[in-house]
Amino acid sequence: VVAELNSGDSFGELSLLYNTRREATFRAATDAVVYVISRRLFKQFTSRNSGRKRFQECCALLDEVDALTPLLRSERRELAANLTDWVSFEAGQRILTQDKVRQTPLWYVVHSGTAMLYQDD
């Protein structure tokens, strides 16, 4: 055993940063829930300028969302840290279709531009 990891401990960052093989095997000693992040997102958030700027932009955006007003600032920051991706849409492009079941449930927050919601009778 190299180390015992508990809540708040992390591992695997060196292989993400330097694209190297893993130096140890990770195995759950008890039932565990582990937050997992891809190499792309990890590098994006840990790069000095773009990751920090993007995180701050996302925090500022979520501070403006009325539905999130009841949340603590730390909870909104956690949401910002778990941002899946910024997605761009062209004018007129359909984002969701009424009554169609989504393959992947997502929550959308408009960062820039304008989007319209329409409802058929």
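These numbers come from a predicted model, not from an experiment.
- With sequence neighbours excluded, no residue forms a salt bridge (Lys or Arg N to Asp or Glu O under 4.0 Å) with Arg77.
- Between Arg73 atom CZ and Leu62 atom CG the span is 10.0 Å, to the nearest 0.5 Å.
- When all heavy atoms of Arg76 and Asp63 are compared, the pair lying nearest together is NE-OD1, 2.8 Å.
- Glu57 meets the side-chain hydrogen bond (donor to acceptor under 3.5 Å, both in side chains) test with His111; sequence neighbours excluded.
- Around CD of Glu4, the count of heavy atoms belonging to other residues, nucleotides or ligands within 6.0 Å does not exceed 12.
- Going from atom CG of Leu71 over to atom CG of Leu79 covers 6.5 Å, rounded to the nearest 0.5 Å.
- The heavy-atom pair separating Ala80 from Phe55 by the smallest distance is CB-CE1, 3.8 Å.
- Put simply, the side chain of Gln93 gets close to the backbone of Glu90: a donor and an acceptor are under 3.5 Å apart.
- Taken from CD in Gln56 to CG in Leu61, the straight-line distance is 13.5 Å, to the nearest 0.5 Å.
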